[in-house]
Amino acid sequence: MEDTIPDKKINIKGLVCPYTFVKAKLAIESMEIGQVLEILLDYEEASRSIPKSMEDHGQKVLKVEKVSDTDWVLQIRKDKD
Amino acid sequence: MDFTDDQLMRYSRHIILPEVGGKGQAKIAKAKVFIIGAGGLGCPVGYYLTAAGVGTIALIDNDTVEMSNLQRQIAHSVQTIGMPKVESAKRTFEALNPDVNVVAIQKRISKDDIIDLIRDYDIVVDGSDNFPTRYLVNDACFMARKPLVTGAILRFEGQVTTILPGDGPCYRCLFEEPPPPGLVPSCQEAGVLGVLPGVIGGLQATEVLKLILGKGEVLKGELLMYNALKTTFRKVRVPKNPSCPLCGAKPTITELIDYNEGYCAM
């Protein structure tokens with residue numbers, strides 16, 4: 001898949017559930033439909049739970065990538081208000 | 001609305017709900033709710049709405065805290081016996097959530113001031129314990145066009161309904177007039193299971209939050225009846241009465257009425 005340039009990036013390293021998803025959700029809420037959010041995180045469980053919750057909320061998960069020993073990068077496209 | 005870190009943590013379980021989110025929580029923070037009575041129902045309603053982060057909560061009640069209240073009125077305590085109930089509840093609610101502005105009004109609501117008192121509020125909750133107040137609140141909310149979430153409890157049974165201005169029936173469509181005082185149980189007969197107002201007040205607080213959020217379905221045109229002994233919930237449809245003396249086509253009640261007392265205030 002070709003790289004998508006995110007419209008907004010958030011760094012939630014150091015946060016654990018449920019605050020990881022709270023931050024991600026508030027960021028998505030503040031964006032327009034079609035825009036892409038990039039999330040940098042280091043809480044492993046959130047690398048699975050955020051994509052799942054985002055899909056449950058009607059958003060599109062574009063990328064889930066482990067970028068280092070500790071960090072993940074997610075890209076979520078806002079499909080639903 | 002920008003949340004502080006404390007608020008993000010406090011409201012996180014709301015914010016992650018699709019039906020609430022940051023936008024819904026901001027609506028809750030802006031909402032102003034007026035609660036009639038700081039007793040069995042007013043305590044849990046105010047307590048949960050405080051926890052939920054409702055921006056302004058007014059409480060009106062004329063009574064002081066007594067030992068016999070503590071079996072069910074969960075905002076009060078042995079430390080606040082003798083204190084006005086509204087002050088006691090304000091202390092409890094402010095200790096739970098400093099975001100909330102609690103307005104304590106120690107007086108008995110009357111036909112002369114109710115419209116002015118509720119004017120600046122979005123939603124009214126009736127947790128009163130007597131028929132004159134119940135009818136006064138219904139009539140005032142109709143005239144002031146305020147949504148009303150009304151609850152009642154006795155012994156092991158409780159009921160809840162939500163009355164929307166100009167949309168569906170009012171309380172008088174259901175029961176046109178207050179019952180004569182002789183038909184109302186006397187003080188000695190008027191027991192109540194202490195947890196019952198928690199169930200009914202919890203339902204009222206839920207209705208309030210749905211009204212604020214604009215989500216789900218409220219008990220409009222329906223009376224929900226709970227029987228604690230049988231553990232049954234029953235919904236009864238309440239049609240609008242076209243000849244209702246208050247909200248019907250030819251209303252006969254056009255000003256507020258203070259019904260004579262003679263009821264037991266429990």
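Note that the structure is predicted; figures quoted are calculated from it, not measured. Each chain gets a letter, A, B and so on, in the order the sequences are listed, and its residues count up from 1.
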A:K80 portion near chain B, given a 4.5 angstrom heavy-atom threshold: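 Nothing of A:K80, per the 4.5 Å heavy-atom cut-off to chain B.
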side-chain contact (heavy atoms from CB on, under 4.5 Å), paired with A:P18, selected from B:I16, B:I15, B:L8: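 Result for side-chain contact (heavy atoms from CB on, under 4.5 Å) with A:P18: B:I16.
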Flag side-chain contact, heavy atom, 4.5 Å: B:K23 against A:D81: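 Yes, their side chains come closer than 4.5 Å.
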[X] atom [atom1]: more than 12 heavy-atom contacts under 6.0 Å:
{"X": "B:L229", "atom1": "CG", "value": "yes"}
{"X": "A:K66", "atom1": "NZ", "value": "yes"}
{"X": "A:E65", "atom1": "CD", "value": "yes"}
{"X": "B:R10", "atom1": "CZ", "value": "yes"}
{"X": "A:F21", "atom1": "CZ", "value": "yes"}
{"X": "B:K210", "atom1": "NZ", "value": "yes"}

Which bit of B:D2 comes within less than 4.5 Å of chain A, counting heavy atoms only: side chain, backbone, both or neither?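 The answer is neither part of B:D2.
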Residue B:Y11 versus chain A: region with a heavy atom under 4.5 Å: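 Neither part, no heavy atoms under 4.5 Å.
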Of the non-hydrogen atoms in B:D5 and A:K23, which two are nearest, and what is the gap between them?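 Looking at all heavy atoms of both residues, the shortest contact is OD1-NZ, 4.2 Å.
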Nearest heavy atoms of B:G22 and A:E29, plus distance in Å: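 Reported closest heavy-atom pair: N-OE2, 2.7 Å.
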